[in-house]
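Bear in mind the structure is a predicted one, so any value in this text is a computation, not a measurement. We count residues from 1, following the sequence as given.
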Amino acid sequence: DLEYEVFVFPQKTKDSHVLVTVKPEQPLQNFTLCLWSYTDLTRPYSLFSYATKAQDNEILLFKNNPSEYRFYVGGRFVSFNVPTSIAVSEHVCASWESSTGIVGFWLNGKPWPRKGLQRGYAVGAEAAIVLGQEQDAFGGRFDAQQSFVGEISSVYMWDTGISTSGVLAAKYNNPSEAPIFGWRNFPYKIVGEVYLKP
């Protein structure tokens, strides 16, 4: 249970990351991802990278610059323009459903206009799931210029969609539905220079 802990990524590296030691057994037709991040980076960086052997950007939550989040499913992405912020703690959730391709996006509990992506797609199982680096190959080939520097916490993933009330529950580490993995029972392995701190 990491409720009062955060992962600290202290500097730019080409290898330091947190590996989420969960193996989704079924392809995902729907999912939701939520996390807190805190950084003063202005360059592009990866928060959450879910890669399969067939597709390195199977799911990717990427901040391209201080005013744009990119959310990838199956190698394609939609952008969400957000207020420019530096060194402000941000809670982000993104959801996707295969049947419509609808993507939901929430920043600090506020829903953004929904967009569409990869209708009819299925997200592959047998994934490598990484925090703080962007995978350009299954489980690796990281780029230091896309590495995260700062703090990440309260990471949750569900195999369902989510409502704004569910987003708010996750924001306070009190999720209303059981996740595939979540911060209150988080399976992880630290690789390189990342620290778990209160």
Side-chain angles (χ1 to χ4, degrees), residues 2 7 17-37 46-63 69-80 82 90-135 138-139 148 152-188:
L2 303 183
F7 287 123
H17 63 280
V18 175
L19 184 65
V20 183
T21 54
V22 160
K23 292 275 185 251
E25 286 158 21
Q26 303 291 332
L28 295 170
Q29 302 288 342
N30 308 280
F31 70 86
T32 302
L33 166 68
C34 292
L35 56 79
W36 276 101
S37 68
S46 173
L47 287 161
F48 180 99
S49 170
Y50 176 117
T52 60
K53 291 191 167 98
Q55 173 55 257
D56 55 357
N57 292 336
E58 191 70 276
I59 302 171
L60 177 63
L61 182 60
F62 191 83
K63 199 163 188 193
Y69 277 96
R70 289 183 178 179
F71 179 60
Y72 289 73
V73 176
R76 297 186 183 167
F77 72 90
V78 287
S79 289
F80 292 93
V82 297
E90 292 186 340
H91 185 255
V92 176
C93 291
S95 70
W96 173 80
E97 62 180 28
S98 176
S99 60
T100 60
I102 294 289
V103 172
F105 181 86
W106 293 259
L107 180 66
N108 296 330
K110 180 184 173 215
W112 250 238
R114 285 172 276 202
K115 298 187 177 183
L117 186 65
Q118 295 285 51
R119 184 163 68 92
Y121 188 76
V123 169
E126 296 296 305
I129 305 174
V130 167
L131 306 178
Q133 293 278 4
E134 198 256 308
Q135 302 175 76
F138 182 75
F148 178 76
I152 292 177
S153 64
S154 304
V155 183
Y156 291 90
M157 187 174 188
W158 296 265
D159 57 3
T160 59
I162 200 168
S163 63
T164 296
S165 63
V167 166
L168 293 171
K171 186 177 174 189
Y172 298 109
N173 278 315
N174 192 19
S176 40
E177 293 186 34
I180 303 172
F181 56 82
W183 208 240
R184 303 302 301 272
N185 182 18
F186 196 70
Y188 72 94

Point-to-point distance, once rounded to the nearest 0.5 Å, from [atom1] of [X] to [atom2] of [Y]:
X: E25; Y: I180; atom1: CD; atom2: CD1; answer: 10.5 Å
X: I102; Y: N30; atom1: CD1; atom2: CG; answer: 12.0 Å
X: W183; Y: C34; atom1: CH2; atom2: SG; answer: 13.0 Å
X: Q118; Y: E58; atom1: CD; atom2: CD; answer: 9.0 Å
X: C93; Y: L33; atom1: SG; atom2: CG; answer: 7.5 Å

M157 vs T32, side chain to side chain contact (heavy atoms under 4.5 Å, CB included): CA-CA, chis, key distance, verdict: CA-CA 6 Å; M157 187 174 188; T32 302; over 6 Å; no
Show the atom names and distances, to 0.1 Å, of all donor-acceptor pairs under 3.5 Å that link a side chain in residues 123-134 to residues at least two apart or in another chain.
residue: Q133; atom: NE2; partner: T13; partner atom: O; Å: 3.1
residue: Q133; atom: NE2; partner: T13; partner atom: OG1; Å: 3.4
residue: Q133; atom: NE2; partner: S16; partner atom: O; Å: 3.0

Please enumerate all residues that pass ring pair (Phe, Tyr, Trp, His ring centres under 6.0 Å) together with [X], with sequence neighbours excluded.
X: W36; answer: H91
X: F62; answer: none
X: Y72; answer: F77
X: F80; answer: F105

Could you tell me whether the side chain of [X] and the main chain of [Y] form a donor-acceptor pair under 3.5 Å?
X: S98; Y: Y121; answer: yes
X: Q135; Y: S49; answer: yes
X: W96; Y: L117; answer: yes

For the student: nearest non-hydrogen atoms of [X] and [Y], plus distance:
X: P27; Y: A122; value: CB-CB, 4.3 Å
X: V167; Y: G109; value: CG1-CA, 4.1 Å
X: P175; Y: W158; value: CB-CZ2, 3.8 Å

Check against side chain to side chain contact (heavy atoms under 4.5 Å, CB included), F31 and I59: CA-CA 10 Å; F31 70 86; I59 302 171; 3.7 Å; yes
Side chain to side chain contact (heavy atoms under 4.5 Å, CB included) between L47 and V92, intermediate numbers included: CA-CA 10 Å; L47 287 161; V92 176; 5.5 Å; no
Pairs touching residues 163-174 that satisfy side-chain hydrogen bond (donor to acceptor under 3.5 Å, both in side chains), sequence neighbours left out: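 Applying side-chain hydrogen bond (donor to acceptor under 3.5 Å, both in side chains) to every pair that reaches into residues 163-174, excluding sequence neighbours, yields W106-T164, S154-N173, Y156-N173, S163-S165.
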Note: E90-K63 ion pair, threshold 4.0 Å (strictly below):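 Salt bridge: yes.
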Check: Q55/T52 side-chain N/O donor and acceptor closer than 3.5 Å: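 No, T52 and Q55 have no side-chain donor paired with an acceptor closer than 3.5 Å.
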Check: S95 and V103 side chains under 4.5 Å, non-hydrogen atoms: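 With C-beta onward as the side chain, the pair stays apart.
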Verdict with reasoning, F7 to Y188, per ring-ring contact (aromatic ring centres under 6.0 Å, His included): CA-CA 11 Å; F7 287 123; Y188 72 94; 5.1 Å; yes
Aromatic ring pairing F48/Y50, orientation class (parallel under 30°, perpendicular over 60°, tilted between):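 Parallel.
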